[in-house]
Amino acid sequence: MAAAASAGPDHLFNLRNYFYLGAYQAAINCSDSLPSLSPEESVEKDCLVFRSYIALGSYALVINEIDDAAATPLQAVKMLALYLSSPGNKETVISSLKEWLADPAIGNNLILKLIAGTIFMHEKDYIEALKHTNAGGTMELHALNIQIFLQMNRSDHAEKQLRIMQQVDEDHTLTQLANAWLDLAVGGSKVQEAYLIFQDFSEKYQMTGLILNGKAVCCMHMGNFDEAETLLLEALNKVSYFSEPVIVPLL
């Protein structure tokens, strides 16, 4: 999402963190108690809330709530909901998405690029996804690049993206998550480092399926299958659809 304004408090910090860590209902609830926001912040808030609904599988709500007069970022989010709601929508959505990306008036919108990368990654069209995400511009785009590169088994390129994120903000939630994804992909002694990242999240924030799943994958890598089973059973009780890409590599 867009970076927080350099001056004044970041009213969306908690909302973003909830979303990044898979606490989607908490993100939705948090949005109801925010102070007055700027127009740009309001659009970002709405995007995060609607993406949370998408992650919970509430596609119809998003499709019905975002009308044709909404800002481009929200229209892009609606496009993701349409894409995920039915296999029959995919061809139409991808065709419309390519038209939007080719439009010089809106094609450089960062949320549109993020949604494009997400959809093309779902399609396993990684080269097309990277055409729209590789330039970065937000922490989410860099994190998505890392997910794409890990899907392509290119941990070397993923590491370069991680270094960019660390230079921007080493303690950012997405930087830490991306670090854990890369550690798991590299394997070996790095798995313990990934486990410690997820453990730190579990101590600082409410437990989510994403955090539990991350810890479980680490345990499996380390041969701790009993602990992994316990974590996965707990994760099942917190299950959501995870329709947006949340990658915890097994290999």
Side-chain angles (χ1 to χ4, degrees), residues 1-24 26-27 30-31 34-35 37-38 40-49 51-52 55 73 108-115 117-118 121 129-130 132-150 154-186 190 192-208 210-211 214-215 218 244-249:
M1 306 301 294
S6 57
D10 181 1
H11 298 304
L12 300 180
F13 178 84
N14 288 331
L15 175 55
R16 290 192 204 96
N17 254 12
Y18 284 137
F19 177 76
Y20 298 152
L21 292 171
Y24 301 118
C30 170
S31 70
L34 293 174
L37 302 174
S38 69
E40 183 181 31
E41 288 173 325
S42 293
V43 170
E44 181 179 357
K45 180 207 73 172
D46 289 344
C47 284
L48 286 165
V49 169
R51 289 170 67 197
S52 296
N108 287 322
N109 182 275
L110 295 176
I111 297 298
L112 178 60
K113 286 177 175 287
L114 182 72
I115 297 302
T118 301
M121 192 175 83
L130 288 169
H132 308 292
T133 65
N134 199 38
T138 67
M139 295 296 271
E140 275 204 273
L141 280 167
H142 287 304
L144 183 57
N145 284 334
I146 289 174
Q147 294 178 338
I148 294 167
F149 285 130
L150 292 179
R154 291 305 305 266
S155 58
D156 54 334
H157 288 310
E159 186 174 358
K160 291 176 183 176
Q161 289 289 318
L162 178 60
R163 284 202 293 267
I164 293 171
M165 296 179 74
Q166 289 171 332
Q167 289 169 2
V168 174
D169 186 351
E170 188 172 11
D171 297 323
H172 195 287
T173 298
L174 285 177
T175 306
Q176 293 298 308
L177 274 175
N179 200 341
W181 300 333
L182 181 58
D183 285 344
L184 277 168
V186 171
K190 290 288 186 179
Q192 179 65 30
E193 295 179 26
Y195 181 86
L196 292 174
I197 290 172
F198 287 115
Q199 179 63 28
D200 186 55
F201 281 140
S202 69
E203 292 171 358
K204 289 181 178 178
Y205 304 104
Q206 71 177 78
M207 195 68 80
T208 66
L210 184 152
I211 294 170
K215 290 178 69 175
C218 294
E244 295 223 24
V246 177
I247 308 234
V248 183

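Side-chain contact between Asp183 and Ile197: present, with at least one pair of heavy atoms (C-beta onward) separated by less than 4.5 Å. Looking at Leu48 and Tyr18, their side chains never come closer than 4.5 Å, going by heavy atoms from C-beta outward. Annotation: side chain of Leu177 is in contact with side chain of Phe201 (closest heavy-atom distance under 4.5 Å). Side-chain atoms of Leu12 and Leu37, non-hydrogen and from C-beta on, do get closer than 4.5 Å to each other. With contacts defined as side-chain heavy-atom distances shorter than 4.5 Å, the pair Tyr195/Lys190 does not qualify. Using a 4.5 Å heavy-atom threshold, the side chains of Asp10 and Arg16 count as touching. Between Arg51 and Leu114, some side-chain heavy-atom pair lies under the 4.5 Å cut-off. Annotation: side chain of Leu182 is in contact with side chain of Val186 (closest heavy-atom distance under 4.5 Å).
Pairing each heavy atom of Leu210 with each of Tyr20, the nearest pair is CD1-O, 3.6 Å. Contact detail for Ala27 and Leu15: the closest heavy-atom pair is O-CD1, 3.0 Å. The two atoms that bring Leu110 and Gly136 nearest to each other are CD2-O, 4.1 Å, heavy atoms only. Between Thr133 and Gly117, the shortest heavy-atom distance links the atoms CG2-CA, 3.6 Å. Heavy atoms only, all atoms of each residue included: Cys47 and Ile111 are closest at SG-CG2, 4.5 Å. The shortest non-hydrogen separation linking Met207 to Ser202 is CE-CB, 3.4 Å.
Rounding to the nearest 0.5 Å places CZ of Phe19 at 15.5 Å from CG of Asn14. Here Thr208 contributes atom OG1 and Ile211 contributes atom CD1; the two are 3.5 Å apart, rounded to the nearest 0.5 Å. Note that SG of Cys218 is 4.0 Å distant from CG of Leu184, once rounded to the nearest 0.5 Å. Taking NZ of Lys45 as the reference point, atom OG of Ser31 lies at 5.5 Å (rounded to 0.5 Å). Atom CG of Leu150 is separated from atom CD of Gln161 by 10.5 Å, given to the nearest 0.5 angstrom. Note that CD1 of Ile164 and NE2 of His142 are 5.0 Å apart. Values are rounded to the nearest 0.5 Å.
Under a 3.5 Å cut-off, the side chain of Thr138 and the backbone N or O of Leu141 do form a donor-acceptor pair. The backbone N or O of Glu41 lies less than 3.5 Å from no partner atom in the side chain of Glu44, so there is not a single donor-acceptor pair.
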Where do Gln206 and Leu21 land on the side chain to side chain contact (heavy atoms under 4.5 Å, CB included) test, with the steps shown first? CA-CA 9 Å; Gln206 71 177 78; Leu21 292 171; over 6 Å; no
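Listed by first and then second residue, the side chain to side chain donor-acceptor pair (under 3.5 Å) pairs involving residues 170-180 are Asn17-Thr173 (not counting sequence neighbours).
Using a 4.0 Å cut-off between a side-chain N of Lys or Arg and a carboxylate O of Asp or Glu, Asp200 and Lys204 qualify as a salt bridge.
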